[in-house]
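What follows is one structure encoded as structure tokens, with my remarks underneath.
Order of the sequence lines fixes the chain letters, A, B, ..., with proteins taken first and strands second; residue numbering starts at 1 for each chain. Worth saying up front: this structure is predicted, and the values here are computed from it rather than measured.
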Amino acid sequence: MSRSRRLWQSLDRRTGLGTSIRRFAAYRVPADTGKPVSLGAVLVFALLLQLATGMLLLFHFVPDPSGAFESVRALMRDVPYGWLIRLAHAHGASFLVAIAFVHLFHAAFRGSYKDPREAVWWSGCVLFLAILASALTGYILPWSQTSFWATTVVTASLSYLPFVGQSATEWVRGGEWVGDATYRRAFAAHVALLPLALVAGVAVHLAWVRRVGLAGRPGRRADAEGPAPIPVWPRVALRAALACGVFAMALVASVVFAPNLFFPVEHALPADPFDTPLNVKPEWYFLWAYALPRFMPERLALIVQAGLLLALFALPLVDRSPRRHPRDRPYLTTVLIGVVLAFVALTIAGARA
Amino acid sequence: MKGWLLGGVLLVILSSAISAIGRADDDTCVACHEVDIDAVLALPVPEWRESVHAASGVSCDACHGGDPRVEDADASMSPEAGFMDLPSWTEMTEHCGACHEGIAESYRQGRFGAALADGIRVATCASCHMQEGHRVQEAQPGQIVTSDSCPGCPALADPQAAVALLGSAREARGRVLERLAAVEDRGIELSDYRARLQVERARLARAVHGFDDGEIARAHAASQAKVDEIAQQVSAYEGQVDRRVRFGAALLAALAAVCVCLWLMLRSLS
């Protein structure tokens with residue numbers, strides 16, 4: 001026995017590392033898992049990338065309104081490869097949100113939330129919200145014009161809440177105006193609270209997936225048997241690695257060749273409380289909500305948003321038949337397609353407005 | 001259940017918040033003057049809409065005073081609400097100088113200011129910048145000569161030379177701005193350099209409003225040196241973006257190679 005092999009075995013004996021890897025490699029999943037893409041695997045990869053780049057950013061970033069913008073500028077200009085880390089983190093956030101959207105709708109279309117996978121679905125919904133919250137709080141940190149004004153408007157809208165409005169605004173802002181206290185809240189949430197929640201949430205999500213198994217492609221009839229399950233290694237693992245590779249290529253391409261893709265012009269200007277930009281637009285994934293009140297009364301828009309959120313969580317409770325194939329539940333499929341189309345249309349309307 | 005509810009409430013709040021972004025308030029000065037009254041009084045509105053002032057959010061009341069939230073004409077344009085009479089030519093420096101302090105300062109200290117103090121009628125801010133009424137545009141070098149209104153300008157010995165100097169300074173800044181924009185397009189934010197160019201423009205403009213040939217030439221030389229310095233720093237960033245693209249292309253190629261390998265391995269399985 002070679003020396004490295006002996007070393008590996010002694011390590012395995014103490015840590016169980018090799019055993020876990022072997023067990024994972026032999027874990028059986030539906031044969032079509034990862035076809036055409038392994039969205040879940042890409043999400044985990046993207047999330048790890050956010051954690052890694054985020055931690056690297058912290059080595060240079062000055063988390064304070066007085067120094068944040070300057071430090072991001074220094075990262076982008078002077079710190080070796082700082083631009084790569086910062087842009088990968090900022091663009092990565094948009095990619096992460098986009099893939100999370102697709103992952104969520106994919107699961108909805110496939111009916112992957114049905115018995116016994118309700119808990120998996122719900123944990124996924126919570127993760128989805130945590131991702132959105134991370135993106136939103138992260139947007140504040142460079143303390144640019146868009147950071148400042150988007151935060152001002154977002155927190156101001158809390159005051160529309162019945163009864164508690166004004167105090168809620170001040171509670172979130174940590175004072176009457178958006179300022180240092182608001183910034184610190186966003187920072188704490190973004191680098192401690194939310195990452196912890198995300199890591200724990202992903203662990204729970206995956207543990208539950210493992211427990212109940214992947215849903216796989218739905219058969220045309222409820223009792224239809226798919227092809228026999230296959231082990232994770234090699235096919236599924238390779239598919240996942242390939243998907244992650246393609247994702248990395250897309251990210252690098254956008255970072256290098258379209259560095260301003262996700263940034264409005266005002267994001268390149270330091271925050272100035274005395275200079276309101278003409279048009280503060282949210283990032284693309286909130287454009288739909290920005291456009292909604294243009295087509296309906298304000299209150300109705302609010303109700304629609306609340307309804308969507310409720311529907312997201314209530315889905316497994318509403319649609320309880322065991323049939324998963326989209327064509328076996330035409331009403332729900334139609335509604336889902338409608339939601340996707342409306343999302344796309346509203347996003348375009350918001351971008352044009 | 002509580003956690004989800006809380007998350008839900010938060011998402012609704014977030015998205016409704018975002019939808020509230022970007023809504024302009026109504027301005028009664030604009031609304032009333034635009035439609036109701038006679039042609040002369042309504043004219044300022046369309047002119048003003050095309051001005052730099054409108055673009056920067058400087059509205060009627062910022063110059064004329066008054067209360068733009070009140071609908072009634074008398075109340076809106078009452079002295080109690082701060083409404084002021086139209087500025088006479090002697091008051092114009094103070095009128096515009098309320099915001100353009102530096103310019104007004106050098107105007108006052110310059111030749112025109114001295115003449116104005118002696119009661120001689122000279123070109124004021126509005127003579128040069130409001131020739132098209134409220135359509136105040138970005139200042140142009142040619143505006144230094146108002147030959148029609150002021151034949152034989154008392155201030156400048158060689159107005160054409162001053163126009164040429166201002167023109168060349170503008171071109172030099174324009175060239176740097178273009179390169180700067182190209183670098184920003186490629187991902188390096190340079191708003192501080194943009195601001196420095198603006199400072200150079202303002203420095204020169206202050207000298208212009210003293211209306212003295214020698215001062216203008218000196219200010220031009222000084223600002224030119226600074227602009228050259230900025231141009232040099234911008235070219236360093238141009239080199240940097242080129243290196244980034246080369247690095248990115250290499251990284252992409254490496255990743256593509258990995259992907260192809262993975263794909264071949266997958267294919268060999270079947």
Side-chain angles (χ1 to χ4, degrees), chain A residues 73 76-77 83-84 87 122 125-126 129-130 132-133 136 149-150 153-158 160-161 168 234-235 238-239 241-242 245-246 248-249 252-253 255-257 259-260 268-270 276 278-282 286-294 298 301-302 305-306 309-310 312-313 353, chain B residues 1 3-24 55-57 183-192 194-195 233 236-237 240-241 244-270:
Chain A
R73 173 182 277 164
M76 290 295 290
R77 288 187 194 167
W83 61 276
L84 187 66
L87 287 179
W122 284 323
C125 291
V126 172
L129 293 183
L132 287 184
L136 201 87
W149 289 102
V153 179
V154 166
T155 48
S157 74
L158 280 173
Y160 296 129
L161 283 180
R235 214 170 283 253
L238 283 178
R239 282 179 195 152
L242 182 56
V246 173
M249 281 180 70
V252 169
V255 159
V256 174
F257 297 106
N260 295 331
L269 299 173
T276 322
L278 286 183
N279 206 355
V280 188
K281 273 192 195 172
F286 283 128
L287 278 178
W288 65 274
Y290 168 80
L292 208 53
R294 284 161 201 267
E298 193 101 354
L302 212 81
Q305 288 163 20
L309 197 85
L310 210 70
L312 185 69
F313 279 93
Chain B
M1 204 53 197
W4 296 334
L5 274 180
L6 206 67
V9 171
L10 272 176
L11 188 79
V12 171
I13 290 159
L14 290 186
S15 40
S16 62
I18 284 152
S19 61
I21 296 178
R23 232 164 264 157
S56 307
V183 172
E184 287 197 320
D185 269 353
R186 296 168 67 190
I188 302 189
E189 171 270 315
L190 295 175
S191 60
D192 49 338
R194 210 178 275 280
Q233 281 148 347
Y237 287 118
Q240 207 176 331
V241 279
R244 283 183 193 183
V245 168
R246 281 199 295 277
F247 171 83
L251 192 56
L252 264 186
L255 283 171
V258 172
C259 285
V260 168
C261 289
L262 287 169
W263 184 69
L264 287 176
M265 281 162 80
L266 257 177
R267 267 193 41 159
S268 72
L269 287 177
S270 43

Exercise. At their closest point, which heavy atom of L269(A) faces which heavy atom of S191(B), and how far apart are they?
Worked result: CD2-CB, 3.8 Å

Exercise. So which part of L266(B) gets closer than 4.5 Å to some heavy atom of chain A, the side chain, the backbone, both or neither?
Worked result: both

Problem set entry | Heavy-atom proximity to chain A below 4.5 Å, by part of V245(B) | both

Exercise. Who wins among V252(A), L84(A), T276(A) for the most heavy-atom pairs under 4.5 Å with chain B?
Worked result: V252(A)

Problem set entry | Max heavy-atom pair count under 4.5 Å with chain B, selected residue of R239(A), R77(A), R235(A), M249(A) | R77(A)

Exercise. If you look at every heavy atom in V256(A) and G248(B), which pair is closest and at what distance?
Worked result: CG2-CA, 3.6 Å

Exercise. Picking from D192(B), I188(B), L255(B), which has the most non-hydrogen pairs under 4.5 angstrom with chain A?
Worked result: D192(B)

Exercise. Non-hydrogen atoms of chain A under 4.5 Å away: do they reach the side chain of A254(B), the backbone, both or neither?
Worked result: neither

Exercise. Heavy atoms, side chains only, cut-off 4.5 Å: are L238(A) and L269(B) in contact?
Worked result: yes

